[in-house]
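As the structure lists them, so they are numbered: ligands from 1, and atoms in each ligand from 1. Throughout, residue positions are numbered sequentially from 1 according to the sequence presented. Both backbone and side-chain heavy atoms feed into the values below; hydrogens, waters and symmetry mates do not.
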Amino acid sequence: MSTTEEWISKPKGLLIGGEWREAADGAVLDVYDPARGEVMTQVAAGGAADVDAAAAAARKAFEDGPWATMTASDRGRALWRLADLIEEHADEFAMLETLDIGKPLMVARHADVALAIDMFRYMAGWATKISGQTFPISVPYAPGANFVAYTVREPVGVVGQIIPWNFPLLMASWKLGPALAAGNTVILKPAEQTPLSAIRLGELLPEAGFPDGVVNVVNGYGESAGAAIAAHPGIDKVAFTGSTEVGRSIMNAAAGNMKKLTLELGGKSPNIVFADADVESAVAGAANAIFLNQGEVCAAGSRLYVEQPIYEKVLAGIAAAAEGMKVGPGVEPDTEMGPLVSKEHRERVESYLALGESEGARRVTGGERLDGPGYFLQPSVLADVRNDMRVVQEEIFGPVLVAQPFDDPDEVAALANDTPYGLAAAVWTTDLAKAHRMTQRIKAGTVWVNTYNIYDAALPFGGYKQSGWGREMGEDVLSHYTETKSICIGGL
Ligand code: ADP
């Protein structure tokens, strides 16, 4: 048994106030290896009572603990140390992600883990740079008076962070990094499908220098632990990444005490290939845009629009790329696409394939299961779709590309914007003016040109329209984890 497998096999609790404990009602949840379709281990499944305890621990750590008096430099140092610790355990974290979600080990190591390390380092730098401004105020009704006016940026308080299963460690880093840099305390709830890497991260927190209660890890189901966080009166803010549907229910639950909210929700991102594009790189880019991480990416390039003259050529190229992909267990070194995360999720993706065909789409390739117990599904392409089809409007969150031809830039800009989402988009062209015009017309939080799936700790990420509220990463995210306080001193 490898060290990672040995670690996985041990019992796993909830991290509350620096202690690992069972759920108050003793509940546990099964953790599956999707490549084998088997339960690997069980972890404690928190509920409302555990969220209560975590909220109390986080409040105590925020108000009275050593965290409240730690300097910004100390917070930055702890974040940097956490990044170093993840790096020291990088192979272990990558293996945990691969076993838990199914993704290829290389993707886990060089995307998930590498970006998570970078995120903590980037936010370590911000800890000492979150500052206010001074203002030369005039106050017309106080002539002759002299004031000193300035702002300070304070942490929001106790933050609930609810994350999805597709990039568990990375999503934890996107959320924990800015929250901790700004001095908040956190209750982190990983997705029930993928609890492992957050538990391992929790084990490293004391060594990094985070006091007890600053980060609490409460695994559990969305409808119990997640809903309890969204509704809890002792939590000041919720940051959520997941489906638009759940985002809406979190908005409603958060209304009670008017929590601050940031929401990173679904997408149905258009990928637009003009006839003047470098076809070879557009084909490779479009395949990567949809098939990376089994298509389980909120910003996946799931809608392909190709200018008519090269439509069939691009389709054939992507179909060949899909057919050439090695689908298999993430732990095998030549695997390019792993299994889908769960049995239920594969069934959902398959139901969309059937729906697409019943709506009149042409299946160019893929959609078949692999023999055996894992939740594998061949990458697939549905061609000749129309924008009014459900497979074009709804997020499938799997390796299913829907494609259609277009004739001119005006038409494709309108088609690209014609969904409730606005998370990301891409344009492939060698015409610089066309590229700029399209970036201006597309309503999305990220627009890539001649590339796809490029993420960086410095670059804000988030959605227009029903893809969400607020931005993660970059300097932008810090505004969502701080309150601005105006201070005005008179009598001078
Ligand atoms: P997906 O469809 O990708 O599984 P979800 O939006 O269902 O995404 O889940 C994302 C996260 O939201 C998970 O951590 C899940 O447990 C949580 N969640 C699901 N339902 C709720 C809910 N009603 N309230 C709060 N959190 C929820």
Subject >> Charged tip of K189 within 45° of F240 ring normal and under 6.0 Å >> reply: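 Judged by the rule (NZ or CZ under 6.0 Å from the ring centre, within 45° of its axis), K189 is not positioned above F240.
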Original post:
Does the side chain of R248 pick up a donor-acceptor pair with the side chain of Q466 at under 3.5 Å?
Top reply: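 There is such a pair (donor and acceptor under 3.5 Å, judged by atom type) between the side chains of R248 and Q466.
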**OP:** Classify the side-chain pair K465/T419 by whether it contains a donor and acceptor separated by less than 3.5 Å.
**Re:**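 No donor-acceptor contact under 3.5 Å links the two side chains.
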**OP:** Pick whichever of I162, V246, L188, T244 has a heavy atom sitting closest to atom 21 (C) of ligand 1.
**Re:**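 Answer by nearest heavy atom: V246.
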Original post:
Is the distance between the ring centroids of W469 and Y464 less than 6.0 Å?
Top reply: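 Centroid distance W469-Y464: not below 6.0 Å, so no.
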Subject >> Proximity of W174 and F461 rings by center, below 6.0 Å >> reply: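 Yes: the rings meet the under 6.0 Å criterion.
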For [atom], find the nearest protein heavy atom and state the residue, atom name and distance (0.1 Å precision).
{"atom": "atom 13 (C) of ligand 1", "value": "I163 O, 3.4 Å"}
{"atom": "atom 12 (O) of ligand 1", "value": "F240 CE1, 3.1 Å"}
{"atom": "atom 2 (O) of ligand 1", "value": "S243 CB, 4.0 Å"}
{"atom": "atom 18 (N) of ligand 1", "value": "G222 CA, 3.3 Å"}
{"atom": "atom 1 (P) of ligand 1", "value": "W165 NE1, 3.7 Å"}
{"atom": "atom 23 (N) of ligand 1", "value": "S249 OG, 3.6 Å"}
{"atom": "atom 25 (C) of ligand 1", "value": "G226 C, 3.1 Å"}
{"atom": "atom 16 (O) of ligand 1", "value": "E192 OE1, 2.5 Å"}

Original post:
Using the ring of each side chain (for Trp, its six-membered ring), is Y375 parallel, tilted or perpendicular to Y32, with breaks at 30° and 60°?
Top reply: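 If you compare the ring of Y375 with that of Y32, the planes turn out tilted.
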Original post:
Counting both backbone and side chain atoms, is some N or O of G242 under 3.5 Å from an N or O of ligand 1?
Top reply: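 No - when backbone and side-chain N and O of G242 are compared with those of ligand 1, no distance drops under 3.5 Å.
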Original post:
When only distance counts, is K189 in polar contact with ligand 1, meaning an N/O pair under 3.5 Å?
Top reply: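 Yes: some nitrogen or oxygen of K189 is under 3.5 Å from one in ligand 1.
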Structural part of [X] in contact with ligand 1, heavy atom criterion under 4.0 angstrom:
{"X": "N166", "result": "neither"}
{"X": "T241", "result": "backbone"}
{"X": "A253", "result": "neither"}

Original post:
Can you find a heavy atom in the side chain of V297 that is under 4.5 Å from one in the side chain of F291?
Top reply: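 V297 vs F291: side chains apart.
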**OP:** Mark the output for A230 as yes if a heavy-atom distance to ligand 1 is under 4.0 Å, and as no if none is.
**Re:**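 Per 4.0 Å heavy-atom rule, A230 does not contact ligand 1.
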Original post:
Does ligand 1 have any atom that is closer than 4.0 Å to a heavy atom of P190?
Top reply: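 Yes; P190 lies near enough to ligand 1 that a heavy-atom distance drops under 4.0 Å.
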**OP:** Evaluate the side chain to side chain donor-acceptor pair (under 3.5 Å) criterion for residues K175 and T241: first the C-alpha distance (whole Å), next the side-chain angles of each, then the deciding distance (0.1 Å), finally the verdict.
**Re:** CA-CA 9 Å; K175 294 210 165 20; T241 297; 2.5 Å; yes
Subject >> Test: R59 and E63 ion pair at under 4.0 Å >> reply: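 The answer is yes: the pair qualifies as a salt bridge.
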Original post:
Any sub-3.5 Å donor-acceptor pair from S467's side-chain atoms to L423's backbone N or O?
Top reply: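 Flag set: sc S467 to bb L423 pair under 3.5 Å.
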